[in-house]
Amino acid sequence: QVQLAESGGGSVRAGGSLTLSCAASEHTFSTKCMAWFRQAPGKEREGVATIGTSGLGTGLTYYADSVKGRFTVSQDNAKNTLYLQMNNLKPEDTAMYYCAASSNHYCGVVQYLFDMWGQGTQVTVSA
């Protein structure tokens with residue numbers, strides 16, 4: 001089974017940048033969509049961004065309103081790696097960030113469609 005491993009989290013000040021990576025243990029042709037979710041303490045997990053990885057949806061992206069214009073999701077197929085470039089970070093971006101993979105063509109932030117999840121990487125933004 002494909003495993004996902006996030007890295008790149010850390011502590012930064014507001015206005016700073018981080019790039020998260022999500023390495024897949026192997027390429028899987030069944031994966032149609034990759035996503036980043038996050039969960040802040042005491043809050044429900046929420047979708048941050050998605051990117052289509054197969055077929056007509058390849059490269060199409062979606063961003064939550066709260067991160068639009070500041071975060072960029074991308075993928076490197078040769079490295080089986082998903083990225084999340086985060087700029088102009090705010091304290092409210094503090095959360096555990098998870099990457100996830102789905103075999104469903106619908107590439108929205110519907111959590112139950114994602115059947116592979118990483119362990120998460122912590123992002124902390126101080127004021």
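Remark: the backbone N or O of Gln85 is not paired with any side-chain donor or acceptor of Thr72 at under 3.5 angstrom. Although no hydrogens or angles enter the test, the distance criterion places a donor-acceptor pair under 3.5 Å between the side chain of Tyr63 and the main chain of Val73. Formation of a donor-acceptor pair under 3.5 Å by the Thr53 side chain with backbone atoms of Thr58 is not found in this model. Looking only at distances, no side-chain donor or acceptor of Thr61 sits under 3.5 Å from a matching main-chain atom of Ile51. Of the possible polar contacts, one joining the Thr50 side chain to the Cys107 backbone as a donor-acceptor pair under 3.5 Å is found. In this structure, the side chain of Gln3 does not engage the main chain of Ser25 through any donor-acceptor pair within 3.5 Å. For the pair Gln119 (side chain) and Ala5 (backbone), a donor-acceptor distance under 3.5 Å is absent. In this structure a side-chain-to-backbone donor-acceptor pair under 3.5 Å is present from Glu6 to Gly120. Within the 3.5 Å criterion, the main-chain N or O of Arg45 finds a donor-acceptor partner in the side chain of Gln111.
In terms of hydrophobic clustering, with Ile, Leu, Val, Met, Phe, Trp and Tyr side chains grouped at heavy-atom distances under 4.5 Å, Leu82 and Phe71 are assigned to a common cluster. Criterion: ILVMFWY side-chain heavy atoms under 4.5 Å apart, direct or through other members. Under it, Tyr62 and Val110 are part of a common hydrophobic cluster. By the rule that hydrophobic residues join a cluster once side-chain heavy atoms approach within less than 4.5 Å of another member, Met96 and Leu18 end up as members of separate clusters. Residue Tyr98 is grouped with residue Tyr112 when hydrophobic side chains (ILVMFWY) are merged at heavy-atom distances under 4.5 angstrom, including chains of intermediate members.
Closest heavy-atom contact between Met34 and Phe114: C-CE2, 4.3 Å. Contact between Leu4 and Cys99 at its shortest, heavy atoms only, is CB-SG, 3.7 Å. In terms of heavy atoms, Val48 sits closest to Val109 at N-CG1, 4.3 Å. The nearest pair of heavy atoms linking Ser102 to Leu113 is OG-O, 2.9 Å. Residues Val123 and Gly9 approach most closely at CG2-CA, 4.2 Å, considering heavy atoms. The minimum heavy-atom distance linking Ala14 with Ala127 is given by the pair CB-CA, 4.3 Å.
Test Trp36, Tyr83, Tyr97 against Cys22 for side-chain contact (heavy atoms from CB on, under 4.5 Å) and you get one pass: Trp36.
More than 12 heavy atoms of other shown residues, nucleotides or ligands fall within 6.0 angstrom of atom NZ in Lys68. Heavy atoms from other residues, nucleotides or ligands lying under 6.0 Å from CD of Glu44 number 12 at most.
Annotation: side chain of Ser66 is in contact with side chain of Arg38 (closest heavy-atom distance under 4.5 Å). Asn87 is listed as a side-chain neighbour of Ser17, based on a closest heavy-atom distance under 4.5 Å. Using a 4.5 Å heavy-atom threshold, the side chains of Met86 and Val12 count as separate.
Checked against a 6.0 Å centroid threshold, the rings of Phe37 and Trp117 count as neighbours.
To the nearest 0.5 Å, the span separating CD on Gln122 from CD on Gln39 amounts to 10.5 Å. Taking CG of Leu84 as the start and OG of Ser74 as the end, the distance is 8.5 Å to the nearest 0.5 Å. Here the straight-line distance linking atom CG of Leu89 with atom OG of Ser11 works out to 11.0 Å at 0.5 Å rounding.
Taking the charged nitrogens against the carboxylate oxygens, Lys90 and Asp93 have no contact shorter than 4.0 Å, which rules out a salt bridge.
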